[in-house]
Amino acid sequence: MNTRHEFRLIGLRAENPLAFLAALGTLRAAAAAYGRDAVRMRWTIEGDAWSPVLRLEAQAAVDDVG
């Protein structure tokens, strides 16, 4: 059974170049841990800035990711 879990990375704002790179690093690390096809990232507006949302197509606990 494929279950989706989304994790909002609210501390990583897209307007900060270092935070943007950290979001990409998080995506790459999650892909290495869960498989490239099981991980996606999208961006959503959070207040006045864009923030990443990491989506896993696998069972994962918040402590495993965050």
Side-chain angles (χ1 to χ4, degrees):
M1 182 168 126
N2 236 357
T3 308
R4 291 183 184 164
H5 298 278
E6 289 195 346
F7 300 93
R8 297 169 74 186
L9 306 176
I10 58 174
L12 301 178
R13 302 295 187 143
E15 73 270 3
N16 179 339
L18 187 57
F20 177 77
L21 292 174
L24 296 181
T26 301
L27 176 63
R28 184 171 177 166
Y34 295 102
R36 197 175 76 177
D37 294 335
V39 179
R40 297 286 182 262
M41 182 175 283
R42 65 182 175 89
W43 295 83
T44 184
I45 194 82
E46 207 44 59
D48 61 348
W50 289 93
S51 294
V53 178
L54 184 66
R55 185 179 78 190
L56 301 176
E57 300 282 342
Q59 186 72 22
V62 174
D63 292 338
D64 292 342
V65 178

Working to the nearest 0.5 Å, report the span between [atom1] of [X] and [atom2] of [Y].
X: Y34; Y: L54; atom1: OH; atom2: CG; value: 9.0 Å
X: L27; Y: R55; atom1: CG; atom2: CZ; value: 11.5 Å
X: N16; Y: L21; atom1: CG; atom2: CG; value: 9.0 Å

With sequence neighbours excluded, residues passing side-chain contact (heavy atoms from CB on, under 4.5 Å) with [X]:
X: A14; result: W43, W50
X: A33; result: none
X: A22; result: L12

Return the minimal non-hydrogen interatomic distance between A23 and M41, and the atom names on each side. O-CE, 3.2 Å

Which residues share a salt bridge (charged side-chain N to carboxylate O under 4.0 Å, His left out) with [X], sequence neighbours left out:
X: R28; answer: none
X: R8; answer: E46
X: R42; answer: E6

Could you see if L56 belongs to whatever hydrophobic cluster contains L24? Use Ile, Leu, Val, Met, Phe, Trp, Tyr and a side-chain cutoff under 4.5 Å. yes

